[in-house]
Amino acid sequence: MSRFEYYRPNQMPPVVRGLLITNAVVFLLQQLGDSYGRTAPIPFSLTGKLALFPFGAGFEVYQLVTHMFTHWDFGHILFNMFALWTFGKMLEMVWGPKRFLNFYLLCGLGAAIIHLVVQYVQGNGVPAIGASGAVMGVFAACAYLFPNTEMHIMFIPIPVKLKWIAAGYIAIDLFGGFSPSAGDGIAHFAHLGGALTGFIIVLIWQKTNRRRLY
(Lines give C-alpha, C1' and ligand atoms only; values in the text may rest on other atoms or scores of the structure.)
Protein backbone atom coordinates (compact mmCIF):
# COMPACT_ATOMS: atom_id res chain seq x y z
CA MET A 1 0.00 0.00 0.00
CA SER A 2 1.33 3.40 -0.93
CA ARG A 3 1.53 6.00 1.77
CA PHE A 4 3.01 9.43 2.26
CA GLU A 5 6.35 9.35 4.03
CA TYR A 6 7.55 12.58 5.65
CA TYR A 7 11.26 13.30 5.64
CA ARG A 8 12.93 16.43 6.91
CA PRO A 9 14.38 18.59 4.13
CA ASN A 10 17.92 17.55 5.11
CA GLN A 11 17.01 13.85 5.35
CA MET A 12 17.48 11.51 2.41
CA PRO A 13 14.69 8.95 1.78
CA PRO A 14 16.08 5.42 2.32
CA VAL A 15 15.74 3.98 -1.19
CA VAL A 16 17.22 7.02 -2.93
CA ARG A 17 20.06 6.98 -0.40
CA GLY A 18 20.60 3.26 -0.96
CA LEU A 19 20.64 3.65 -4.74
CA LEU A 20 23.13 6.51 -4.55
CA ILE A 21 25.44 4.47 -2.32
CA THR A 22 25.10 1.33 -4.44
CA ASN A 23 25.93 3.15 -7.65
CA ALA A 24 28.90 4.87 -6.01
CA VAL A 25 30.28 1.58 -4.64
CA VAL A 26 29.87 -0.21 -7.98
CA PHE A 27 31.56 2.69 -9.77
CA LEU A 28 34.50 2.47 -7.37
CA LEU A 29 34.73 -1.29 -7.93
CA GLN A 30 34.68 -0.66 -11.69
CA GLN A 31 37.69 1.61 -11.38
CA LEU A 32 39.58 -0.92 -9.28
CA GLY A 33 38.51 -3.96 -11.32
CA ASP A 34 39.12 -2.44 -14.73
CA SER A 35 42.51 -1.06 -13.65
CA TYR A 36 43.56 -4.47 -12.38
CA GLY A 37 42.35 -6.05 -15.61
CA ARG A 38 44.76 -4.00 -17.68
CA THR A 39 47.76 -5.41 -15.78
CA ALA A 40 46.50 -8.88 -14.85
CA PRO A 41 47.94 -12.00 -16.53
CA ILE A 42 44.43 -12.78 -17.80
CA PRO A 43 42.68 -9.58 -19.00
CA PHE A 44 39.52 -8.83 -17.05
CA SER A 45 37.03 -5.94 -17.11
CA LEU A 46 34.37 -5.65 -14.45
CA THR A 47 32.53 -3.11 -16.58
CA GLY A 48 32.54 -5.62 -19.42
CA LYS A 49 30.92 -8.20 -17.16
CA LEU A 50 28.18 -5.87 -15.91
CA ALA A 51 27.33 -4.02 -19.15
CA LEU A 52 24.25 -4.77 -21.24
CA PHE A 53 25.33 -6.52 -24.44
CA PRO A 54 23.15 -6.91 -27.57
CA PHE A 55 21.25 -10.14 -28.21
CA GLY A 56 23.58 -12.76 -29.64
CA ALA A 57 26.70 -10.73 -28.87
CA GLY A 58 27.41 -11.49 -25.24
CA PHE A 59 23.97 -10.86 -23.76
CA GLU A 60 23.22 -12.45 -20.37
CA VAL A 61 19.93 -12.12 -18.46
CA TYR A 62 21.60 -10.73 -15.32
CA GLN A 63 22.84 -7.76 -17.37
CA LEU A 64 19.28 -6.40 -17.43
CA VAL A 65 19.87 -5.44 -13.80
CA THR A 66 23.62 -4.96 -13.46
CA HIS A 67 23.93 -2.46 -16.30
CA MET A 68 21.80 0.10 -14.48
CA PHE A 69 24.27 0.29 -11.58
CA THR A 70 27.38 0.89 -13.70
CA HIS A 71 28.72 4.02 -15.40
CA TRP A 72 31.39 4.97 -17.94
CA ASP A 73 33.06 7.83 -16.10
CA PHE A 74 32.68 10.33 -13.27
CA GLY A 75 30.66 12.79 -15.32
CA HIS A 76 28.24 10.02 -16.31
CA ILE A 77 27.52 8.90 -12.75
CA LEU A 78 27.47 12.45 -11.41
CA PHE A 79 24.74 13.54 -13.83
CA ASN A 80 22.60 10.44 -13.26
CA MET A 81 22.90 10.52 -9.48
CA PHE A 82 22.12 14.23 -9.34
CA ALA A 83 18.95 13.61 -11.36
CA LEU A 84 18.04 10.63 -9.14
CA TRP A 85 18.57 12.72 -6.02
CA THR A 86 16.52 15.62 -7.43
CA PHE A 87 13.51 13.71 -8.73
CA GLY A 88 13.69 10.44 -6.83
CA LYS A 89 13.13 12.19 -3.52
CA MET A 90 9.89 13.66 -4.81
CA LEU A 91 8.47 10.26 -5.74
CA GLU A 92 9.69 8.32 -2.72
CA MET A 93 8.18 10.86 -0.33
CA VAL A 94 4.83 10.41 -2.09
CA TRP A 95 4.86 6.65 -2.73
CA GLY A 96 6.97 5.28 0.07
CA PRO A 97 10.15 3.18 -0.25
CA LYS A 98 8.73 -0.13 -1.53
CA ARG A 99 6.64 1.30 -4.36
CA PHE A 100 9.38 3.68 -5.43
CA LEU A 101 12.00 0.91 -5.56
CA ASN A 102 9.69 -1.30 -7.62
CA PHE A 103 9.01 1.60 -9.96
CA TYR A 104 12.71 2.43 -10.37
CA LEU A 105 13.71 -1.15 -11.19
CA LEU A 106 10.81 -1.63 -13.61
CA CYS A 107 11.79 1.55 -15.46
CA GLY A 108 15.35 0.28 -15.74
CA LEU A 109 14.16 -3.07 -17.07
CA GLY A 110 11.78 -1.41 -19.54
CA ALA A 111 14.58 0.83 -20.79
CA ALA A 112 16.89 -2.16 -21.27
CA ILE A 113 14.33 -4.24 -23.15
CA ILE A 114 13.39 -1.46 -25.55
CA HIS A 115 17.07 -0.67 -26.11
CA LEU A 116 17.81 -4.32 -26.90
CA VAL A 117 14.85 -4.65 -29.26
CA VAL A 118 15.84 -1.52 -31.19
CA GLN A 119 19.42 -2.77 -31.43
CA TYR A 120 18.18 -6.12 -32.74
CA VAL A 121 15.94 -4.50 -35.36
CA GLN A 122 18.71 -2.17 -36.49
CA GLY A 123 21.20 -5.04 -36.60
CA ASN A 124 23.91 -3.22 -34.71
CA GLY A 125 24.80 -2.03 -31.27
CA VAL A 126 27.42 -1.76 -28.57
CA PRO A 127 27.31 -2.56 -24.84
CA ALA A 128 25.32 -0.09 -22.75
CA ILE A 129 25.64 0.88 -19.11
CA GLY A 130 24.14 3.49 -16.84
CA ALA A 131 21.17 4.36 -14.68
CA SER A 132 19.85 6.80 -17.29
CA GLY A 133 16.90 4.64 -18.35
CA ALA A 134 15.62 4.19 -14.81
CA VAL A 135 16.26 7.84 -14.01
CA MET A 136 14.34 8.93 -17.12
CA GLY A 137 11.39 6.91 -15.85
CA VAL A 138 11.58 8.75 -12.55
CA PHE A 139 11.85 12.06 -14.41
CA ALA A 140 8.84 11.28 -16.61
CA ALA A 141 6.74 10.30 -13.59
CA CYS A 142 7.58 13.56 -11.82
CA ALA A 143 6.75 15.55 -14.94
CA TYR A 144 3.37 13.82 -15.13
CA LEU A 145 2.49 14.08 -11.43
CA PHE A 146 3.96 17.55 -10.80
CA PRO A 147 3.85 19.18 -14.26
CA ASN A 148 3.81 22.78 -13.12
CA THR A 149 6.69 22.50 -10.67
CA GLU A 150 9.21 25.16 -11.67
CA MET A 151 12.92 24.47 -11.82
CA HIS A 152 15.98 26.48 -12.75
CA ILE A 153 18.11 25.23 -15.63
CA MET A 154 21.69 26.29 -16.24
CA PHE A 155 22.02 29.22 -18.67
CA ILE A 156 18.24 29.88 -18.63
CA PRO A 157 17.52 32.97 -16.48
CA ILE A 158 13.88 32.13 -15.69
CA PRO A 159 12.34 29.05 -14.03
CA VAL A 160 10.89 26.44 -16.39
CA LYS A 161 7.97 24.13 -15.65
CA LEU A 162 8.86 20.48 -15.29
CA LYS A 163 6.51 19.39 -18.08
CA TRP A 164 8.38 21.54 -20.60
CA ILE A 165 11.76 20.31 -19.41
CA ALA A 166 10.58 16.72 -19.86
CA ALA A 167 9.21 17.48 -23.31
CA GLY A 168 12.54 19.01 -24.29
CA TYR A 169 14.59 16.02 -23.11
CA ILE A 170 12.27 13.56 -24.85
CA ALA A 171 12.49 15.58 -28.08
CA ILE A 172 16.28 15.52 -27.87
CA ASP A 173 16.30 11.74 -27.40
CA LEU A 174 13.85 11.23 -30.26
CA PHE A 175 16.03 13.27 -32.58
CA GLY A 176 19.21 11.59 -31.34
CA GLY A 177 17.67 8.14 -31.64
CA PHE A 178 16.45 8.50 -35.21
CA SER A 179 19.26 10.76 -36.42
CA PRO A 180 22.33 9.72 -34.41
CA SER A 181 25.53 11.66 -34.88
CA ALA A 182 28.91 9.99 -35.22
CA GLY A 183 30.45 9.23 -31.85
CA ASP A 184 27.27 10.14 -29.95
CA GLY A 185 27.63 7.23 -27.53
CA ILE A 186 24.23 7.84 -25.93
CA ALA A 187 21.58 5.11 -25.72
CA HIS A 188 18.71 7.38 -26.71
CA PHE A 189 16.18 4.58 -27.05
CA ALA A 190 17.03 3.37 -23.54
CA HIS A 191 16.17 6.86 -22.29
CA LEU A 192 12.93 6.84 -24.26
CA GLY A 193 12.14 3.32 -23.07
CA GLY A 194 12.62 4.31 -19.45
CA ALA A 195 10.45 7.40 -19.85
CA LEU A 196 7.72 5.43 -21.64
CA THR A 197 7.78 2.67 -19.01
CA GLY A 198 7.53 5.18 -16.18
CA PHE A 199 4.68 7.01 -17.86
CA ILE A 200 2.72 3.80 -18.47
CA ILE A 201 3.21 2.58 -14.90
CA VAL A 202 1.98 5.87 -13.45
CA LEU A 203 -1.07 5.80 -15.72
CA ILE A 204 -1.90 2.24 -14.62
CA TRP A 205 -1.41 3.02 -10.93
CA GLN A 206 -3.50 6.16 -11.20
CA LYS A 207 -6.33 4.31 -12.91
CA THR A 208 -6.38 1.21 -10.68
CA ASN A 209 -5.31 2.72 -7.39
CA ARG A 210 -6.27 6.37 -7.63
CA ARG A 211 -6.97 6.93 -3.94
CA ARG A 212 -3.65 5.49 -2.87
CA LEU A 213 -1.40 6.98 -5.54
CA TYR A 214 -0.67 9.96 -3.35
[X] and [Y]: which non-hydrogen atoms are nearest, and at how many Å?
X      : Y      : answer
Ala141 : Val202 : CB-CG2, 3.6 Å
Leu52  : His115 : CD2-CD2, 4.1 Å
Ala195 : Ala140 : O-CB, 3.6 Å
Gly108 : His67  : O-CE1, 4.0 Å
Val26  : Phe69  : CG1-O, 3.1 Å
Trp164 : Val160 : CB-CG1, 4.0 Å

Out of curiosity, does [Y] fall in the hydrophobic cluster containing [X] (side-chain heavy atoms, cut-off under 4.5 Å, transitive links)?
X      : Y      : answer
Leu29  : Trp72  : no
Ile204 : Leu196 : yes
Phe175 : Ile170 : no
Tyr62  : Ile113 : no
Val126 : Ile129 : no

Test item: [X] side-chain N/O and [Y] main-chain N/O as donor-acceptor pair under 3.5 Å:
X      : Y      : value
Gln206 : Leu145 : no
Thr66  : Leu50  : yes
Gln30  : Leu46  : no

Next item on the list: Might you work through the side-chain contact (heavy atoms from CB on, under 4.5 Å) test for Asp73 and His76, ending with a clear yes or no?
Entry: CA-CA 5 Å; Asp73 52 36; His76 190 202; 3.2 Å; yes

Quick one: does [X]'s side chain get under 4.5 Å of [Y]'s, heavy atoms only?
X      : Y      : value
Leu105 : Met68  : yes
Asn148 : Lys163 : yes
Val135 : Phe87  : no
Gln119 : Phe59  : no
Leu116 : Leu64  : yes
Phe103 : Ile201 : yes
Leu203 : Tyr144 : yes
Ile114 : Leu192 : no

Note to self: Angle between ring planes, Phe178 versus Phe189, binned at 30° and 60°: parallel, tilted or perpendicular?
What the structure shows: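 Ring orientation of Phe178 relative to Phe189: perpendicular.
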
Checklist line | Parallel, tilted or perpendicular: rings of Phe100 and Trp95 (30°, 60°) | finding: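 Aromatic pair Trp95/Phe100 classed tilted.
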
Tell me whether [X] at atom [atom1] has more than 12 heavy atoms from other residues, nucleotides or ligands lying less than 6.0 Å away.
X     : atom1 : answer
Phe74 : CZ    : no
Phe79 : CZ    : no
Phe82 : CZ    : no

Margin query: Before you tell me yes or no, could you show the steps for Ile172 and His191 under side-chain contact (heavy atoms from CB on, under 4.5 Å), namely the whole-Å CA-CA distance, both residues' side-chain angles and the distance that decides it to 0.1 Å?
Written below: CA-CA 10 Å; Ile172 291 172; His191 294 180; over 6 Å; no

